[in-house]
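I have placed the structure first, in the form of structure tokens, so that the comments after it can refer back to it.
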Number of protein chains: 2
Amino acid sequence: MSGGGKPNSPKRTAVATPDADGRAMGTTERVAEIIRQGIRTSQFVPGQHLVEIDLTQRLQISRSSLREALRHLNGDGIVSMGRYRGTHICRLDRKAIDDLLEVLEQLVSLAARRATKAPLEKRRLLDAAVEASGKSLNGVDNGNPMLVRQTFYDTLFEISGNDELPRVTPLSRADLFRAQIRPYQSHEEQRKHAEGYGLIAQAVLSGDPVKAEEAVRTHFEATRQMVDRLPPQAVE
Amino acid sequence: MSGGGKPNSPKRTAVATPDADGRAMGTTERVAEIIRQGIRTSQFVPGQHLVEIDLTQRLQISRSSLREALRHLNGDGIVSMGRYRGTHICRLDRKAIDDLLEVLEQLVSLAARRATKAPLEKRRLLDAAVEASGKSLNGVDNGNPMLVRQTFYDTLFEISGNDELPRVTPLSRADLFRAQIRPYQSHEEQRKHAEGYGLIAQAVLSGDPVKAEEAVRTHFEATRQMVDRLPPQAVE
DNA sequence: TTCGTCAATATCGTCTGACGATTTCATCTG
DNA sequence: CAGATGAAATCGTCAGACGATATTGACGAA
């Protein structure tokens, strides 16, 4: 009764593939994560045009699923979808960066303040995570600054105990910002920035909310000054 | 029937329809906005199951477009899409509400602080908007509390001058929260709550950032106490 | 009667193919 | 060389299909 044509391709549809963490992921989530990761690893760069057909072939998915993923990223402000003009990885201008940092600072402050109230063993976890990542940065092994960031924020939000924070905080947009200014940053600057995470972690570990918030403010103030020293073409 | 036959339906695809504000809107945005509005007007209630076929027929759109819209709302935390279990309007439990209010308070504080630095005529705009909406609430005409909220926050973010704030602030989730507790709130409580917006607006108008932030904190503290007095079934 | 098992149904996730609309770009002409 | 023009590329939307899964209701056993 259904069409006489026989599909010769295996057509393995709707199969839940477990991800690295073992959790089942739909195609949409998986693709969105691939693109986010691609931004962190510079496989995609801000301003780049994402052609749908290309991606469907590269990722072996249908256009429907791809577009759902793109729509998701669009909601997060990672890509812009202009009518008939296609999907582009967002590029942030100076004002967008300033606004982003201000909001980030406010949310991370809250996270740090809350984190000081977490059980001691959890706070130690944060310090340990940063310490480990920071060590690998100085060593010869592949210490990825983007990975340090990710680990730090994931852990911080985790121990803050507020489930709304990770949903709301525009970390992916911050990844965009990082990717955009990366070519203009020296290793020394990156190292110094990573130290900031350590200082915040220690302040959180101390259990003093005022100190923790101060550490965050200092960190973002330094980031702002770094942005001010960036060449104009780095911020459009 | 279908072979060789001409489709007698107009098939008006990919036609940009201007919305109420005159801006061109894609189908996805339009549908997402319809659903958001439907939550504000109780046409959709928290916990409700959204059946895709139903919505495609009701809204006269294809399943692809609908799913893109749902994916967008999913990213905003408005609906949950469980594998094969379907799409549901989110229901917030007590902890989710606490977390949401804490994040909201932090972001609205920032907005209010910034707004005090806006030009006087803009600040007057905020006060006027709240005043007008508030009056209509006491009068006999249809003053919708949800509309007051929306106007207040839209204006506040607008004059705050930070473009990241409206993107990040989970106002739609707050709408969810409002819709969920609405059956358990008296008119008196709603009126008192709306007064809070007026106090914030006045504090912003005064130009004192400390006063503005205090007004916000007070408002949210009152909201939290209101939540505490809610019957358990209101917060799952 | 109540509870657990099993088949039927409803709904979902994904894929394929199609077509008009719009932008982009190379080509042509003055 | 600037502007007109036409073809190609890409997008937004739709329609239909099919396997996979959850839910429901019937049915028999305790």
Side-chain angles (χ1 to χ4, degrees), chain A residues 1-19 23-34 47-74 79-89, chain B residues 1-19 23-34 47-74 79-89:
Chain A
M1 199 49 172
S2 57
K6 52 178 57 156
N8 50 4
S9 50
K11 187 113 110 171
R12 50 187 177 5
T13 69
V15 129
T17 49
D19 73 346
R23 297 192 319 102
M25 272 179 112
T27 300
T28 298
E29 286 181 70
R30 186 166 48 86
V31 170
E33 189 49 40
I34 286 177
Q48 179 174 345
H49 183 195
L50 298 182
V51 178
E52 297 183 358
I53 299 291
D54 284 1
L55 282 180
T56 57
Q57 290 171 351
R58 181 134 45 117
L59 303 176
Q60 294 284 42
I61 56 170
S62 71
R63 208 149 78 89
S64 333
S65 300
L66 174 65
R67 281 184 60 84
E68 282 187 33
L70 290 181
R71 202 56 83 167
H72 191 91
L73 295 173
N74 182 227
V79 304
S80 66
M81 302 178 77
R83 201 175 178 73
Y84 296 119
R85 220 161 312 173
T87 303
H88 295 259
I89 309 280
Chain B
M1 177 66 161
S2 62
K6 53 174 54 165
N8 49 6
S9 50
K11 183 114 114 172
R12 52 191 175 359
T13 70
V15 130
T17 49
D19 71 347
R23 298 190 315 102
M25 271 179 112
T27 300
T28 298
E29 287 180 68
R30 186 166 48 86
V31 170
E33 189 50 40
I34 286 177
Q48 179 174 346
H49 182 195
L50 298 182
V51 179
E52 298 184 359
I53 298 291
D54 284 1
L55 283 179
T56 58
Q57 290 172 353
R58 180 134 44 119
L59 303 176
Q60 293 284 45
I61 55 172
S62 71
R63 209 150 77 90
S64 328
S65 299
L66 174 65
R67 281 184 60 86
E68 283 186 34
L70 290 180
R71 201 57 83 165
H72 190 92
L73 294 173
N74 182 227
V79 304
S80 66
M81 303 178 78
R83 197 174 182 74
Y84 297 117
R85 220 161 313 170
T87 303
H88 295 258
I89 309 279

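A quick note: this is a predicted structure, and the numbers were derived from the prediction, not measured. Protein chains get the first letters and strands the later ones, always in sequence-line order, with residue 1 at the start of each.
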**Message:** With a 4.0 Å limit, can you tell me whether R67(B) has a side-chain N or O closer than that to the phosphate oxygens OP1/OP2 of dG13(C)?
**Reply:** yes
**Message:** Can you tell me if S65(B) touches the phosphate of dC14(D), counting only side-chain N or O atoms and a distance under 4.0 Å to OP1 or OP2?
**Reply:** yes
For [X] against [Y], the heavy-atom pair lying closest together:
X	Y	value
S65(A)	T28(A)	O-OG1, 4.1 Å
H88(A)	R85(A)	NE2-O, 3.4 Å
A69(B)	A32(B)	CB-N, 4.0 Å

Whole angstrom is fine here: how far is it from [atom1] in [X] over to [atom2] in [N]?
X	N	atom1	atom2	result
L55(B)	dT13(D)	CG	P	17 Å
M25(A)	dT14(C)	CE	C1'	16 Å
R83(B)	dG19(D)	CZ	C1'	12 Å
E68(A)	dC15(C)	CD	P	10 Å
L70(B)	dT14(C)	CG	C1'	15 Å
L66(A)	dC11(D)	CG	C1'	12 Å
Q57(B)	dG16(D)	CD	P	12 Å
I53(B)	dA17(D)	CD1	C1'	12 Å

**Request:** Quick one: pull up CD1 in I53(B) and CZ in R63(B) and give me the separation to the nearest 0.5 Å.
**Result:** 5.5 Å
**Message:** When you measure only distances, ignoring hydrogens and angles, does the side chain of R63(A) come within 3.5 Å of the base of dT13(D) through a donor and an acceptor?
**Reply:** yes
Which nucleotide in the set [options] lies at the smallest distance from any side-chain heavy atom of [X]?
X	options	answer
R85(B)	dT23(D), dG13(C), dC12(C)	dT23(D)
S64(A)	dT22(C), dC15(C), dG13(C)	dC15(C)
I61(A)	dA20(D), dC14(D), dC15(C)	dC15(C)
H49(B)	dC12(C), dT14(C), dT13(D)	dC12(C)
Y84(B)	dG19(D), dT14(C), dG20(C)	dG19(D)
E52(A)	dT14(C), dC14(D), dC11(D)	dC11(D)
S62(B)	dC11(D), dT13(D), dC15(C)	dT13(D)

**Prompt:** Is there a side-chain contact between R71(B) and M81(B) (heavy atoms, below 4.5 Å)?
**Reply:** yes
